[in-house]
2 protein chains.
Amino acid sequence: MIRRLPTLEDVAREAGVSRATVSRVINGVRNVDPDIQSAVRDAVARTGYSPNRAARSLVTRRAETIALVVSGAGEPEGEKGSFAARMLADPFFGRVAGGVIDFLRPRSMHPVLMFADSEATRAEVVAYLRQGSADGALVVSTHAEDPLPELLAEAALPCVLFARPARPVPVSYVDLAHADGGRLAAEHLLARGCRRLATVTGPLDVPAGQDRLAGFRDALARRGHPYIPIAEGGFTYDSGAAAMARLLAEHPQIDGVFVANDLMAQGACEVLREGGRRVPEDVAVVGFDDSSAALACRPTLTTVRQPMEEMAGTMAQLLQEHIEGARTEPTSVIFEPELVVRASA
Amino acid sequence: MIRRLPTLEDVAREAGVSRATVSRVINGVRNVDPDIQSAVRDAVARTGYSPNRAARSLVTRRAETIALVVSGAGEPEGEKGSFAARMLADPFFGRVAGGVIDFLRPRSMHPVLMFADSEATRAEVVAYLRQGSADGALVVSTHAEDPLPELLAEAALPCVLFARPARPVPVSYVDLAHADGGRLAAEHLLARGCRRLATVTGPLDVPAGQDRLAGFRDALARRGHPYIPIAEGGFTYDSGAAAMARLLAEHPQIDGVFVANDLMAQGACEVLREGGRRVPEDVAVVGFDDSSAALACRPTLTTVRQPMEEMAGTMAQLLQEHIEGARTEPTSVIFEPELVVRASA
DNA sequence: TTGAAAGCGCTAACAC
DNA sequence: GTGTTAGCGCTTTCAA
């Protein structure tokens, strides 16, 4: 019995052929005699061989690994925990990661999880890719002005973003037609009879926040509602609750509100309830994303669905094409949102 | 300008020294003249060199990567999405992953995320480690009778489990003194005056479910409460709601309930509210975990805190020791729970 | 269709 | 304290 792990050489000897032949069989290259093929396979089984990834990567120059990176600004470590912990607790990230993984798994690939929220950690991401530890990156930015996409683009490293960057950068991305989502929300609220509308927006320095608001406003303006009170939130539960409270204090007559994501909508519903408003009887609420928060919320949220798993899958697909060189130009793929009607509006 | 990435050779030439010397500087090996050190560093900066991971791994036999694997039984793909998506949405997993990442990050390591819920995917995990793609595995099992720990142990692959396996396996693990947690819950409920207690348990085929129940029962028995109605749940929101409904139907007089995790407690609170019970005035509720669900729940949950980030950090630490050979025998580290009093009890 | 041989970029003896 | 050299295990021309 050999004490080290079996190598190609061992298998070759066992099968009575050369290393090259074993390699061909393993990699499914044609032009190998069927008899020899099965002899090799037997030898592989007998020796319990499995190819050494490092050795293979060294010559193919492929890590067969991709990085899933969550990139944010360097926020203070709140009591909600580290950046990584906060992101992992966010249902939005969960759906994106799930979509990526479901695309990768059938291909026997597994993502490396990275969190970047400082210059040092961003540099680490770039270094990781440069040294060939991963072939490309899927990046989810949580903030406007995130410098990572540019760093990656400058280094000519394959990457695909989830959502359009705030400033133009020559990289591929997948995104949602956020404005259409805002319109959907406006039309639904109007259709159910709401007349005193307001909105809790996302951060107004990121495209998703801006576009959802723009679409909502635009649809309302076209129906004769030129002015809508707004309160800006930060896509978190707490910020949604706080924004709702402000709105309620200044405009107690509100009968319908569009909240730019589900997590904030959950916070808003809570504030509404504490303020003695029934949802949807007194105030109808429409959320955004259709994340797990939409179902966890009481009442369950009527929301604008973002097909995140699909978007994430496409993102991974695009990255693979870039890595393989099948696609060289930056590409964007935009998905359409869909209204999901539940109890809150 | 060279078109390929710079190699050690390039840096050596640039600095006028040998490859070995550059390697020494890069790896911080002593016995290098300070002048030469800085000359090398300059050359590294000038060439923009970064070491090729595959080449290094090939000779060091270290991937400098660990796998974070979530292992479950092959459940049908419910409408809640794939296995990966479900796990990612679970606040329990989020805290574990966050803890692992926070341990790894300062060490410039990044975990590879793997999900195993079938024989094929479990084999993939084993193969991944065997081929040296990762040096070890951190495994979180979601089910009793998970065969993965045994597979890993048999292959002598470094791994550490989160929670004691249902059947004894010679591997290291971190865990909580679950029974003590159950006791804490019982004492708190009794102390606040509850006399008609009940409990929603976790799955009774896993140690965590059994032990929490045993501790709860034990503490009550010692105080003269020999019989407690129970309803078994599956650690999910829905199962908690369903179990609570059963309990309420059969024992409408209940005035206090210990629910074996926060997610189920959230579901239980919802059922209680729908059933016209005020929490905690009519029925006090104590959860378990102190996950994000505890804060999201209305009222906020009084719960038994599991220091998961710390446990996860220790798990990663143990794995590193095993990988480095500093630790060879299976080890267990048990943490103590703590009661966190909030609004629900 | 198969084999021989040349590296991929790096580390680690070993020699100086 | 530094350089020389021998591989690590694999893929891939190039010949046969």
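Note that the structure is predicted; figures quoted are calculated from it, not measured.
Whole-Å rounding puts the Asn27(A) CG to dT12(D) P distance at 7 Å. We find that CZ of Arg4(A) is positioned 11 Å from C1' of dC8(D), with the value rounded to whole Å. Taking atom CD of Gln37(B) as the reference point, atom P of dG1(D) lies 10 Å away to the nearest angstrom. Atom CG of Asn52(A) and atom P of dC8(D) are 12 Å apart (whole Å). In this structure, the CG atom of Asp10(A) is 11 Å from the P atom of dC8(D), given to the nearest Å. One can place CG of Leu8(B) at 15 Å from C1' of dT5(D), the figure rounded to the nearest angstrom. With rounding to whole Å, Gln131(A) atom CD is found 16 Å from dC8(C) atom C1'. Spacing between atom CZ of Arg19(B) and atom P of dG7(D) amounts to 14 Å, rounded to whole angstrom units.
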Set out, line by line, the N/O atom pairs under 3.5 Å between protein and nucleotides 13-16 of chain D.
none

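With hydrogens and angles disregarded, a donor-acceptor distance shorter than 3.5 Å links the side chain of Gln37(B) to the backbone of Val32(B).
Place Leu58(B) and Asn31(B) on DNA chain D by their nearest nucleotides, and Asn31(B) ends up nearer the 5' end. Closest-nucleotide positions on DNA chain C for Val17(A) and Glu9(B) were compared, and the one nearer the 5' end corresponds to Val17(A).
Here Thr21(A) reaches the OP1 or OP2 of dG3(C): one of its side-chain N or O atoms lies under 4.0 Å away. Listed pair Ser23(A) / dC10(D) fails the phosphate criterion, with no side-chain N or O lying under 4.0 Å from OP1 or OP2.
No more than 12 heavy atoms of other residues, nucleotides or ligands lie within 6.0 Å of CD in Glu119(A), so this atom counts as exposed by the packing criterion.
A heavy-atom distance below 4.5 Å is found between the side chains of Asn27(A) and Ser23(A). Under the 4.5 Å side-chain criterion, counting only non-hydrogen atoms from C-beta, Ile36(A) is in contact with Val17(A).
With 3.5 Å as the limit, one finds a donor-acceptor pair spanning the side chains of Asp146(B) and Ser71(B). With hydrogens and angles left out, the side-chain atoms of Arg327(A) and Thr331(A) include a donor and acceptor closer than 3.5 Å. A donor-acceptor contact closer than 3.5 angstrom links the side chains of Ser82(A) and Asp102(B).
The side chain of Arg56(B) lies closest to dC10(C) when the candidates are dC10(C), dT2(D), dC10(D). Each of dT4(D), dG9(D), dG9(C) was ranked by its minimum atom distance to the side chain of Ser18(B); first place goes to dT4(D). Candidate nucleotides dT12(D), dG3(D), dT2(D) were compared by shortest atom distance to the side chain of Thr60(A), and dT12(D) ranks first. Comparing dT11(D), dT11(C), dT2(D) by their closest approach to the side chain of Val59(B) singles out dT11(C).
Backbone-only engagement by Arg61(A) is indicated by non-hydrogen atom pairs under 4.0 Å involving sugar-phosphate atoms exclusively.
A cation-pi arrangement is not found for Arg130(A) relative to Tyr128(A), the charged atom failing to lie both closer than 6.0 Å to the ring centre and inside a 45° cone about the ring normal.
Under the 4.0 Å criterion applied to side-chain N and carboxylate O atoms, Arg53(A) and Glu64(A) are not assigned as salt-bridge partners.
Residues satisfying the salt bridge (charged side-chain N to carboxylate O under 4.0 Å, His left out) test with Arg19(A), not counting sequence neighbours, are Glu9(A).
Rounded to 10°, the angle separating the first-five-pair axis and the last-five-pair axis of the helix from dT1(C)-dA16(D) to dC16(C)-dG1(D) equals 30°.
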